[in-house]
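Everything below concerns the one structure shown next.
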Amino acid sequence: MSPTVKRVGPYRFFFYGNEGFEPPHIHVRRERMLAKFWLGRIELASSTGFRPHELFEIQRLVEGNATEFEGAWHEFFGT
């Protein structure tokens, strides 16, 4: 299961239901591109296919929605 937390333009923000053992993070998908950002201290964990300028834009979206993303994480995983 990978619950969608938010959609912004072409981006889907979600996490995988089997990753509760990891620190809070959010995945971002657009078409076949995928990125993962840590939420504690917003930082890019991994990326496939996104160009650097787009990752910068996505990071700004993550920063602006970090409280919502972390809340959804803790609610889903019960932490």
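None of these values were measured; they are calculated from a predicted model.
In the hydrophobic cluster analysis, where Ile, Leu, Val, Met, Phe, Trp and Tyr join through side-chain heavy atoms closer than 4.5 angstrom, Leu44 is grouped together with Met33. If you chain together hydrophobic residues whose side chains sit under 4.5 Å apart, Leu61 and Ile26 fall into the same group.
More than 12 heavy atoms of other residues, nucleotides or ligands sit less than 6.0 Å from atom CD of Glu68.
Residues meeting the ring pair (Phe, Tyr, Trp, His ring centres under 6.0 Å) test with Phe15, sequence neighbours left out: Trp73, Phe76, Phe77. Listed by chain and number, the residues in a ring pair (Phe, Tyr, Trp, His ring centres under 6.0 Å) with Phe14 are Tyr16, His27 (sequence neighbours excluded).
In terms of heavy atoms, Val28 sits closest to Phe50 at O-CE1, 3.8 Å. Residues Phe37 and Ile58 approach most closely at CE1-CG2, 3.5 Å, considering heavy atoms. Here the shortest heavy-atom pairing between Ile42 and Leu39 reads CD1-O, 3.4 Å. Nearest approach of Gly17 to Pro3, heavy atoms of both residues: N-CD, 4.4 Å.
Applying the side-chain hydrogen bond (donor to acceptor under 3.5 Å, both in side chains) rule to pairs touching residues 49-65 yields Lys6-Asn65, Tyr11-Glu54, Arg30-Glu54, Gln59-Glu63, sequence neighbours excluded. For residues 7-19, no residue pair satisfies the salt bridge (Lys or Arg N to Asp or Glu O under 4.0 Å) rule, not counting sequence neighbours. Pairs engaging residues 37-48 under the salt bridge (Lys or Arg N to Asp or Glu O under 4.0 Å) rule: none recorded [sequence neighbours left out].
To the nearest 0.5 angstrom, Arg29 atom CZ is 5.0 Å from Leu34 atom CG.
In this structure, Glu22 and Lys36 have side chains that are in contact, with non-hydrogen atoms separated by less than 4.5 Å. The shortest side-chain heavy-atom distance between His74 and Pro24 falls under the 4.5 Å cut-off.
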Evaluate Phe13 against Val62 for side chain to side chain contact (heavy atoms under 4.5 Å, CB included), listing each step before the verdict.
CA-CA 9 Å; Phe13 295 86; Val62 172; 3.9 Å; yes

